[in-house]
There are 2 protein chains.
Amino acid sequence: MADVAQVAGVSHQTVSRVLSNHPNVRESTRTEVLRAIGQLGYRRNSSARALVTRRTLTLGVVACNPTLFGPSSTLFGLEEAARDEGYMVSAVTLRRYSAAALREAIDHLSDWGVEGIVVIVPHREAVTALAELRLPFPVVTVEGGHSLPIPVVSVDQWLGARMATSHLLAAGHRTVWHVAGPPSWLEAEARAKGWRSVLEEAGAVVPPPIQGDWTPLSGYRAGQELAGRVTAGAAGRGSPEVTAVFVANDQMALGVLRALREAGLSVPGQVAIAGFDDIPEAEFFTPPLTTVRQDFAALGQASIRLLISRLESGTRPDDDERVVIEPRLIVRGSSTPS
Amino acid sequence: MADVAQVAGVSHQTVSRVLSNHPNVRESTRTEVLRAIGQLGYRRNSSARALVTRRTLTLGVVACNPTLFGPSSTLFGLEEAARDEGYMVSAVTLRRYSAAALREAIDHLSDWGVEGIVVIVPHREAVTALAELRLPFPVVTVEGGHSLPIPVVSVDQWLGARMATSHLLAAGHRTVWHVAGPPSWLEAEARAKGWRSVLEEAGAVVPPPIQGDWTPLSGYRAGQELAGRVTAGAAGRGSPEVTAVFVANDQMALGVLRALREAGLSVPGQVAIAGFDDIPEAEFFTPPLTTVRQDFAALGQASIRLLISRLESGTRPDDDERVVIEPRLIVRGSSTPS
DNA sequence: CACTTGCCTGTGAGCGCTAACAATGTGCCC
DNA sequence: GGGCACATTGTTAGCGCTCACAGGCAAGTG
């Protein structure tokens, strides 16, 4: 910066003012400084700047498996929004979903001086641990559950599950089976609750949910079990007939579809299926999958807006701030005869 | 740090030595300092440290659409590897694939003082622009093409395409059609070249490749065109019969499968299909998709290793350094009668 | 004409840390 | 016992930047 000042024939402070868009700089001086900057290829040192301003303009993100469509889309929207606001995003991924792993990830981010973090880990243990940490900077969670005093941005999972389940019931099915996500995942829990609530309101029998782990393989296994029930159905084993299934995510739904097809069952003829997420592939499944679309990018943007508003207000407003985004039911061939 | 020093009854320099694991510190002093640190909840200021050491320990990543399975998996492996080496990763995503967008992304990273960057943008224009930028820090590309003087880490796309094509030919097909990715993508080009080379070596007719854009929808359209040819095939329009198709990625292959099925064609009975990537869903397509698996996580790890080795050697070794990872053919039902 | 006002610019201090050097204490050799 | 090597600690000087303040100059005011 001293070099630039010398070339431009001004003081380093004037160079600083030009770079910070300070108003009180004569136009001719400004252009002269900018010329010198261009000539020298100068870039302001961010560390020195951060040191004196006490602002790193960096936000941290803790993400769970970012290989999945949802988290990665959220991250995408989040990064874009942060960049527009002049912040940098540093992401850390979680290998295990333990409290220790979360703490380690947050420590790592703290070491680099992030001003705030977004936690995209809809996992009960992790979020609980998060609430217990008293961190010296603001935290926002995405899908972090509503029972903790941490601001959260989420899609209404409960409502989405209700939409899918109601849609299936409305098509005339007596009841709707459910392939659930792992119980430690908050989203899985909310979806299961939504599903159950609709059945109870309708006075329908609530079949035992089948446990999956989000992967297509687990969906496949669940599908095999369901197929077995359909085939053995006439024999009557106390459980209600399987004619409709709400699967907690699209990947598992893919596995279910395959298992049913292998068992010779037609979808939606014999069994209607609905998923959750609306991954790009869902429209091209066999048959195209009825599912619940989540606006992941909006989730990311909202989380950044919330985080930055706390950062810049400086205040620590209500810790129970909530942003809820509505999901949308996308009806396709897996639930309606084509 | 001064506070810690006072509490521990030492100088700030000793505190610094403890934090840097300097050898010459008496054990009793070290524990005393650590105790003070714990008591005060002190954290070393990364900006001040970066300012004086001239090391930010931050790496930048420029990624194209990280919603896709490949890039996001690479990013995942990359971040993990970087963290193990004590670096932080800051990622920026590209909205458009222009030279200007790339420059903007890199500027953004530079402003935050990254020590080096990994560019995961297998796009011709972007990579060419990258080669022309003379950046003051090391750059490594993932799938950045081998024709430029930039170190690159990649899966051998050409070989992967050859594997898939050879596999289809070996099954007895006269020739193999190809649904290609956008020509501006280096991976699309390499896969098309590999496909073509096998056909030429085998003396097979090379059908005109059909252009897609990586999306399931474009695959679906390509599939409709192919289905049309099969049905009209007997009429003979100069083009060879469609009995096998190598699709440049799994998402498009999904679209192709659906279009063929809608046209009443059986896979692999009438048309055999192979894809590329091995996304988690591929195994559960109808039928399960034969595809070429890429080890994306290894790609990310290798890119970090390469980048850090340049960083720490300080030297600027051969700019044509290359790491090539072998792909693997995964044979499933879409290419072989079950 | 002195005085204020507003604009523009320069000066000096210091953000929190590490590198280099200086200073102390401790043990060992001749 | 003097001197040397070594381990341990303290002192000082910046790293490159922004903030607070001071100063200079032109224009307007009483």
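Within every chain, numbering begins at 1; the chains are lettered A, B, ... in the order of the sequence lines, protein sequences first and strands thereafter. These numbers come from the heavy atoms of this one structure, side chains and all, not from hydrogens, waters or symmetry mates.
- Under a cut-off of 6.0 angstrom, the local environment of CZ in A:Arg95 is crowded, with over 12 non-hydrogen atoms contributed by other residues, nucleotides or ligands.
- Residue pairs meeting the salt bridge (Lys or Arg N to Asp or Glu O under 4.0 Å) criterion with at least one partner in residues 4-28 of chain B, sequence neighbours excluded, are absent.
- Sorted by first and then second residue, the ring pair (Phe, Tyr, Trp, His ring centres under 6.0 Å) pairs with a member in residues 22-65 of chain B form an empty list; sequence neighbours excluded.
- When DNA chain C is scanned 5' to 3' for any atom under 4.0 Å from a heavy atom of chain A, the first and last hits are C:dC8 to C:dG16.
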* Please step through side chain to side chain contact (heavy atoms under 4.5 Å, CB included) for the pair B:Val10 and B:Glu32, ending with a clear verdict. => CA-CA 9 Å; B:Val10 297; B:Glu32 190 59 26; over 6 Å; no
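- When each of B:Leu78, B:Val140, B:Leu109, B:Ile308 is checked for a side chain to side chain contact (heavy atoms under 4.5 Å, CB included) with B:Leu59, only B:Ile308 meets the rule.
- When only modelled atom types and interatomic distance are considered, A:Gln294 and A:Gln157 share a side-chain donor-acceptor pair under 3.5 Å.
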Exercise for the section: Please report the C-alpha distance between A:Leu130 and A:Val121 in whole Å, then the side-chain angles of each, then the deciding distance to 0.1 Å, and finally whether the side chain to side chain contact (heavy atoms under 4.5 Å, CB included) criterion is met. Expected result: CA-CA 10 Å; A:Leu130 183 64; A:Val121 184; over 6 Å; no
Discussion item. Set out, in order, the CA-CA distance, both residues' side-chain angles and the distance that settles side chain to side chain contact (heavy atoms under 4.5 Å, CB included) for A:Asp107 and B:Arg43, then state yes or no.
Written reply: CA-CA 10 Å; A:Asp107 271 3; B:Arg43 301 201 82 108; 3.6 Å; yes
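- B:Tyr97 meets the ring pair (Phe, Tyr, Trp, His ring centres under 6.0 Å) test with B:His123, B:Trp185; sequence neighbours excluded.
- Residues A:Glu80 and A:Arg83 are not paired through a salt bridge, judged by the lack of any N-O separation under 4.0 Å between the basic side chain and the carboxylate.
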Going 5' to 3' through nucleotides 16-26 of chain D and flagging B where a protein heavy-atom sits under 4.0 Å of the base, S where only the sugar-phosphate is that close, and - otherwise, we get BSBBB------
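- Five base pairs at each end of the helix from C:dC1-D:dG30 to C:dC30-D:dG1 define two local axes, and these are offset by 60° (rounded to 10°).
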